[in-house]
Amino acid sequence: TVAMRHFAKIAEIDPRPLLAALAVHPELWNANTLRTTHPSSPHTETDDIWVMFNSIPDDPAAVVDDVEVIPYRAWDVLPIREPVLDIMRLVGGVRLGRVIISRLPPGATIPEHIDQGAPATYYKRFHIALQSLPGALNHSGDETAVYRPREVWWFDNAAPHSIVNNSADDRIVIVVDIRPC
């Protein structure tokens with residue numbers, strides 16, 4: 001096994017309780033669409049569930065505090081606290097940032113981009129793969145990782161990164177931002 005610079009598999013979780021809860025709560029998908037409908041967003045082909053996210057001001061010209069997050073309905077409805085807090089403990093996290101469940105359909109892509117602001121400079125980014133088949137390719141820098149369901153990965157979102165879902169099913173990943181000590 002060759003060590004990777006932009007990815008590291010760090011743990012595994014059981015995705016079944018979360019997948020079952022997602023099937024019971026389809027109304028959570030796309031309840032908040034800022035990330036997927038913003039004109040400059042690379043996430044236009046994804047569906048999102050905001051679990052922990054920034055407070056979005058009513059005034060579109062106002063500055064969003066991208067460090068501080070608040071819980072959204074999914075934090076209370078889905079069995080997500082335990083796996084997220086377990087990852088925080090595992091990596092010595094002192095602050096939780098954004099937690100987003102992202103679904104990328106077959107044939108869809110998240111084009112290459114570099115994350116900006118606190119999600120890239122203040123937090124470290126982790127992915128918890130709930131559903132991911134071979135063909136769902138995660139690129140960061142010059143490396144590619146194929147996540148399997150259950151796997152938890154750190155990845156370098158400050159490097160140019162993209163995702164291509166060449167598989168036959170949705171790729172569903174929990175995006176978790178954690179500030180390590």
Side-chain angles (χ1 to χ4, degrees), residues 4 6-26 28-36 41-53 69 72 74-75 77-88 90-91 93 96-115 119-120 123-141 143-178:
M4 298 177 84
H6 301 285
F7 292 96
K9 181 181 159 194
I10 63 163
E12 292 191 358
I13 64 126
D14 182 358
R16 292 173 298 182
L18 270 162
L19 288 170
L22 288 171
V24 173
H25 292 285
L28 294 173
W29 290 106
N30 300 317
N32 307 91
T33 59
L34 177 68
R35 228 175 70 96
T36 57
S41 175
H43 303 100
T44 57
E45 294 186 37
T46 66
D47 297 305
D48 279 354
I49 296 174
W50 291 6
V51 180
M52 299 290 279
F53 202 82
V69 296
Y72 283 75
W75 183 250
V77 172
L78 300 176
I80 197 164
R81 292 177 191 218
E82 185 177 336
V84 166
L85 296 176
D86 284 349
I87 302 304
M88 267 193 86
L90 178 68
V91 301
L96 182 61
R98 293 177 179 178
V99 178
I100 303 162
I101 303 172
S102 177
R103 178 173 63 192
L104 188 65
T109 63
I110 299 174
E112 185 172 271
H113 64 285
I114 299 173
D115 290 351
Y123 291 107
K124 298 291 182 198
R125 169 111 349 137
F126 299 88
H127 281 168
I128 302 171
L130 300 180
Q131 183 173 295
S132 182
L133 295 176
L137 307 174
N138 306 274
H139 307 285
S140 183
E143 299 169 338
T144 301
V146 177
Y147 304 161
R148 288 192 211 125
R150 312 183 71 85
E151 295 178 339
V152 180
W153 290 78
W154 162 82
F155 97 98
D156 184 0
N157 65 323
H161 59 280
S162 63
I163 300 162
V164 177
N165 187 0
N166 291 325
S167 79
D169 205 351
D170 292 337
R171 171 197 176 268
I172 303 175
V173 169
I174 305 172
V175 177
V176 182
D177 289 344
I178 299 173

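Side chains of His139 and Thr144 form a contact here, defined as non-hydrogen atoms less than 4.5 Å apart. A 4.5 Å side-chain heavy-atom check between Val175 and Arg98 finds every atom pair outside the cut-off. Between Leu22 and Leu130 there is a side-chain heavy-atom pair separated by less than 4.5 Å. Pro106 places a side-chain heavy atom less than 4.5 Å from the side chain of Asp170. In this structure, Ile101 and Ile80 have side chains that are in contact, with non-hydrogen atoms separated by less than 4.5 Å. Contact of the Val69 side chain with the Asp177 side chain is not registered, since no non-hydrogen atoms from C-beta on lie closer than 4.5 Å.
Nearest approach of Ile49 to Ala74, heavy atoms of both residues: CG2-CB, 3.5 Å. The nearest pair of heavy atoms linking Glu151 to Val146 is OE1-O, 4.1 Å. The two residues Glu45 and Pro105 make their nearest non-hydrogen contact at O-CD, 3.3 Å. Residues Ser167 and Ala136 come closest through the heavy atom pair CB-N, 4.1 Å. Residues Pro119 and Asn157 share a closest heavy-atom pair of O-ND2, 2.9 Å. Here the closest non-hydrogen pair linking Gly141 and Ala159 is N-CB, 4.0 Å.
Between the OG atom in Ser132 and the CD1 atom in Ile163 there is a gap of 9.0 Å [rounded to 0.5 Å]. The OH atom of Tyr72 sits 10.0 Å away from atom CE of Met52, with the distance rounded to the nearest 0.5 Å. Distance check, rounded to the nearest 0.5 Å: OG of Ser140 to NE2 of His127 gives 9.5 Å. Atom CG in Asp48 sits 6.5 Å away from atom CG in Asn30 (nearest 0.5 Å). Expressed to the nearest 0.5 Å, how far CD1 of Ile128 lies from CZ of Arg150 amounts to 12.5 Å. The CG atom of Asp86 lies 9.0 Å from the CD1 atom of Ile13; values are rounded to the nearest 0.5 Å.
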Does the side chain to side chain contact (heavy atoms under 4.5 Å, CB included) test come out yes or no for Asn138 and Phe155, once each step is laid out? CA-CA 9 Å; Asn138 306 274; Phe155 97 98; over 6 Å; no
Begin from the C-alpha positions of Ile114 and His161 and carry the test side chain to side chain contact (heavy atoms under 4.5 Å, CB included) through to its verdict. CA-CA 6 Å; Ile114 299 173; His161 59 280; 5.5 Å; no
Kindly indicate, with the supporting measurements, whether the criterion side chain to side chain contact (heavy atoms under 4.5 Å, CB included) is fulfilled by Val176 and Tyr123. CA-CA 9 Å; Val176 182; Tyr123 291 107; over 6 Å; no
Could you walk me through whether Lys124 and Ile178 pass the side chain to side chain contact (heavy atoms under 4.5 Å, CB included) check? CA-CA 5 Å; Lys124 298 291 182 198; Ile178 299 173; 5.5 Å; no
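The number of heavy-atom neighbours closer than 6.0 Å to CZ of Arg148, taken from other residues, nucleotides and ligands shown, is 12 or below. At most 12 heavy atoms of other shown residues, nucleotides or ligands fall within 6.0 angstrom of atom CD in Glu82.
Listed for the Arg81 side chain is a donor-acceptor partner under 3.5 Å among the backbone atoms of Trp75. Remark: the backbone N or O of Met4 is not paired with any side-chain donor or acceptor of His6 at under 3.5 angstrom. Side chain of Asn165 to backbone of Leu104: a donor-acceptor contact under 3.5 angstrom is found.
The ring pair (Phe, Tyr, Trp, His ring centres under 6.0 Å) search around Trp153 returns Tyr147, not counting sequence neighbours.
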